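This one's a predicted model, so the numbers in the text were calculated from it and none came from an experiment.
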Amino acid sequence: MRKLLNKTKTNVNGAFLLAAVAATMLTCGVLAPLSVAHAADKSSIKVGIMSGEDEDVWREVVKQAAAKGLTVKTVVFNDYNQPNEALQEGEVDANAFQHQPFLNNQIKVNHYDIVRVGDTAVWPIGLYSKKVKLVKDFKDGAVIGVPNDPSNEARALVLLQEQGLLKLKPGAGIAATTADIVANPKHLKIKELDSGVIGRSVPDLDAAVVNTDWALKSGLTPEDRIAQEPIKNNPYTNFIAVKKENVNATWVKTLVSSYQNEPVKTVFNEVYKGTGVTTW
């Protein structure tokens, strides 16, 4: 660089020299913070969401964001493991599909640098059955399906415990697995199944704990639900998430406010028909 500057100095005036130095500094990354700050103030972003009913809700969010000067394009996924990977890799700028226990597990396994920035809603997980109407009607040895991903399996087991069907090791809570079952008076057979297929498996089981969104996709109705977790103080509230480096970006605040408003709540209630509850 020294030879380049000396050569420039002998051939150009001082003003041109300063311009050359500035350009060199930019190329070398000296002015990178200005570039990063500019990149954070985006006017167009991509948000990862799950396919299905949420697409209808996000169409309204897109409208609300556009009115605030932010262009939002939704990227639809069908697998719970994909949206966080896409966010970490920069394929989307934000996502909205998960609760904190799920994200905590994903961070533990994949070391993602992803954080929560704004709550959306909670869908109380439910126990569904086509064979019994009351929890007390389960026969000895009944087969009950639960989601096989760590956070939702724990959620299902806690629900079964709350219904008096089994007892978990003290303190297991949202990290519970089948290994934490310490009492099973009805000798229930717990069958671990993928979240995407468990709803469709209900007719083949005595019952299954199913996430509300998958219950809707599987054609299950509130009449098939014989128990559900409480809404108040529910640790499984869903939220909008971004990479930590973008937490204070202007577009993040705009995105959150584009979801947390009455027009979106109205559409949400129409779409989910009371099976989900907004939580902001």
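Legend: residues meeting side-chain contact (heavy atoms from CB on, under 4.5 Å) with T221, ordered by chain and number and at least two apart, are E223, D224. The ring-ring contact (aromatic ring centres under 6.0 Å, His included) test applied to Y259 returns W58, W280, not counting sequence neighbours. For V62, the side-chain contact (heavy atoms from CB on, under 4.5 Å) partners are V72, T74, not counting sequence neighbours. A search for salt bridge (Lys or Arg N to Asp or Glu O under 4.0 Å) contacts involving E229 returns R155, not counting sequence neighbours. For D149, there are no salt bridge (Lys or Arg N to Asp or Glu O under 4.0 Å) partners, not counting sequence neighbours. Applying the ring-ring contact (aromatic ring centres under 6.0 Å, His included) test to Y272 and every residue at least two apart in sequence or in another chain returns W123, F268. Here N184 pairs with nothing under the side-chain hydrogen bond (donor to acceptor under 3.5 Å, both in side chains) rule; sequence neighbours left out. Every side-chain contact (heavy atoms from CB on, under 4.5 Å) that K63 has, sequence neighbours left out, goes to E60. Judged as a side-chain hydrogen bond (donor to acceptor under 3.5 Å, both in side chains), and not counting sequence neighbours, the contacts of D119 are R116.
Distance check: N84 CG to D113 CG gives 11.5 Å after rounding to the nearest 0.5 Å. Taken to the nearest 0.5 Å, the CG atom of L216 stands 11.0 Å off from the CG atom of N211. With rounding to the nearest 0.5 angstrom, the OG1 atom of T212 is 13.5 Å from the NZ atom of K273. Note that CG of D206 and NZ of K130 are 14.5 Å apart. Values are rounded to the nearest 0.5 Å.
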Residues 196-205 side chain polar contacts: donor-acceptor under 3.5 Å, at least two apart:
| unit_1 | atom_1 | unit_2 | atom_2 | d |
| --- | --- | --- | --- | --- |
| R200 | NH1 | G196 | O | 3.1 |
| S201 | OG | V197 | O | 3.0 |

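For the pair I174 and P101, the tightest heavy-atom approach, listed with the atom from each and the gap, is CD1-CG, 4.2 Å. When every heavy atom of V264 is checked against every heavy atom of S258, the shortest pair comes out as CG2-O, 3.4 Å. Between A94 and I240, the shortest heavy-atom contact is CB-CG2, 4.4 Å. Taking both residues in full, the closest heavy atoms of N78 and S51 are given as OD1-OG, 2.6 Å, listed atom of the first, atom of the second, then distance. Residue P83 comes nearest to N95 through the heavy atom pair O-ND2, 3.2 Å, listed as atom of the first residue, atom of the second, then distance. The shortest non-hydrogen separation linking A154 to Y236 is C-OH, 4.5 Å.
Put simply, the side chain of N269 never gets that close to the backbone of T266: no donor and acceptor are under 3.5 Å apart. The backbone N or O of L220 lies less than 3.5 Å from no partner atom in the side chain of S218, so there is not a single donor-acceptor pair. Within the 3.5 Å criterion, the main-chain N or O of N148 finds no donor-acceptor partner in the side chain of N152.
Here L168 sits in one hydrophobic cluster together with I125, L127, V132, V135, F138, I144, V146, L157, V158, L159, L160, L165, L166, I181, L188, I190, V209, I226; the rule is ILVMFWY side chains under 4.5 Å apart, joined directly or through other members. Hydrophobic cluster membership for I231: V122, V277 (Ile, Leu, Val, Met, Phe, Trp, Tyr linked by side-chain heavy atoms under 4.5 Å, directly or transitively).
The environment of NZ in K46 is sparse: at most 12 heavy-atom neighbours from other residues, nucleotides or ligands sit within 6.0 Å. Heavy-atom contacts from other residues, nucleotides or ligands closer than 6.0 Å to CD of E85 number 12 or fewer. Within 6.0 Å of NZ in K217 there are more than 12 heavy atoms belonging to other residues, nucleotides or ligands. Heavy atoms of other residues, nucleotides or ligands lying less than 6.0 angstrom from NZ of K191 number 12 at most. Environment of NZ in K189: sparse, with no more than 12 heavy atoms of neighbouring residues, nucleotides or ligands closer than 6.0 Å.
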- Item | Criterion side chain to side chain donor-acceptor pair (under 3.5 Å) on H99 and N238, from CA distance to verdict | CA-CA 4 Å; H99 49 64; N238 282 26; 5.6 Å; no
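In this structure, the ring of F97 has its center less than 6.0 angstrom from the ring center of F102.
There is a path of hydrophobic side-chain contacts, each under 4.5 Å, that joins L70 to V252. With hydrophobic clusters built from ILVMFWY side chains whose heavy atoms lie under 4.5 angstrom apart, V247 does not share a cluster with V92. Residue Y112 is grouped with residue F77 when hydrophobic side chains (ILVMFWY) are merged at heavy-atom distances under 4.5 angstrom, including chains of intermediate members. Placement of V117 and W251 within a single hydrophobic cluster is found when ILVMFWY residues are connected by side-chain heavy-atom separations under 4.5 Å, directly or transitively. The hydrophobic clustering, which links ILVMFWY residues whose side-chain heavy atoms are closer than 4.5 Å, places F239 and V61 apart.
Between the side chains of Q88 and N110, no donor-acceptor pair is found at a separation under 3.5 Å.
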